[in-house]
Amino acid sequence: MELQLALDLVNIPEGIALVKEVEPFIDIVEIGTPIVINEGLHAVKAMKEAFPNLKVLADLKIMDAGGYEIMKASEAGADIITVLGASNDLTIKGCVDEAKKQGRKVLVDMINVQDIATRAKELDELGVDYICVHTGYDGQAAGQSPFTDLATIKSVVKNAKTAVAGGIKLATMPEVIQANPDLVIVGGGITSQDDKAATASQFRELIAQA
Ligand SMILES: O=C(CO)[C@H](O)[C@H](O)COP(=O)(O)O
């Protein structure tokens, strides 16, 4: 299981300083959607230049013009780029084809998809690299969590890697480990802690013990 640190509520220098603290414990650093909105793809480029040994995920949450947006994120150095599961199949295919051409990976964010099982099967057949169940901030605030959806995709996805995001904390890692996704994405569970390195190290230990 890989560990991805999601950066959302920081600017580029703050993000780089934060990753310096936790670099030994993470596999992937995510440039979250709010950072892309605030800073553009420069944030992806700056993070890749600062940490060439980490994979960088650009959380673009693509909804249209998939091929073009994958191309631009690839130029900035993104290793993995996100597209919304609710997008048209043509958009998903555009993402998959361009990512293959560029040697990048596509992660589908299933946020707000109603029929998770059916859509996950379709996306798996379209050749995406990761399928990620995700309870967004608004859902989290309403008390929702992604674990039922995680069990659903684990039962239907055959080729893609599975991932989970949305309010994951050390306390909820046992539920993650039980479901055994290929990737766990943690934002506030690390970034809002006083000792970020110690917390990231504990996430890493739990994953190693799984
Ligand atoms: O994509 C996101 C919000 O749309 C976040 O990056 C994702 O939810 C992980 O952050 P957190 O662990 O704080 O929920």
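- Considering only heavy atoms from C-beta on, Met1 comes within 4.5 Å of Ile177 through its side chain.
- For Lys93, the NZ atom sits in a loose shell: 12 or fewer heavy atoms of surrounding residues, nucleotides or ligands are nearer than 6.0 Å.
- Scored by the side chain to side chain contact (heavy atoms under 4.5 Å, CB included) test, Thr162 finds Ile153, Lys154, Val157, Pro181, Asp182 as partners (sequence neighbours excluded).
- Surrounding NZ of Lys48 are more than 12 heavy atoms belonging to other residues, nucleotides or ligands, all under 6.0 Å away.
- Side-chain contact between Phe203 and Val22 is absent, with no heavy-atom pair separated by less than 4.5 Å.
- Side-chain contact annotation: Thr33 with Asp59, donor-acceptor N/O pair under 3.5 Å present.
- Under the 4.5 Å side-chain heavy-atom criterion for Ile, Leu, Val, Met, Phe, Trp and Tyr, Leu183 and Ile116 are members of distinct hydrophobic clusters.
- The two residues Ile168 and Ile185 have their closest heavy-atom pair at CG1-O, 3.7 Å.
- Within a 6.0 Å radius of CG in Asp115, more than 12 heavy atoms belonging to other residues, nucleotides or ligands are found.
- A salt bridge is defined here as a Lys NZ or Arg NE, NH1 or NH2 lying under 4.0 Å from an Asp or Glu carboxylate O, and Lys161 with Asp124 fails to meet this definition.
- For the residue pair Gln140/Gln144, the side-chain donor-acceptor check at 3.5 Å is not satisfied.
- To the nearest 0.5 Å, the span separating CD1 on Ile26 from CD on Glu30 amounts to 11.0 Å.
- Using a 4.0 Å cut-off between charged side-chain N and carboxylate O, Asp129 and Arg104 make no salt bridge.
- Side chain of Ser87 to main chain of Val83: no donor-acceptor pair is present (N/O by atom type, distance under 3.5 Å, no hydrogens or angles).
- Using a cut-off of 4.0 Å between Lys/Arg side-chain N and Asp/Glu carboxylate O, Glu75 and Lys45 are scored as not salt-bridged.
- With hydrophobic clusters built from ILVMFWY side chains whose heavy atoms lie under 4.5 angstrom apart, Ile62 does not share a cluster with Ile111.
- With hydrogens and angles disregarded, no donor-acceptor distance shorter than 3.5 Å links the side chain of Thr135 to the backbone of Gly166.
- A 6.0 Å sphere centred on NZ of Lys169 holds more than 12 heavy atoms belonging to other residues, nucleotides or ligands.
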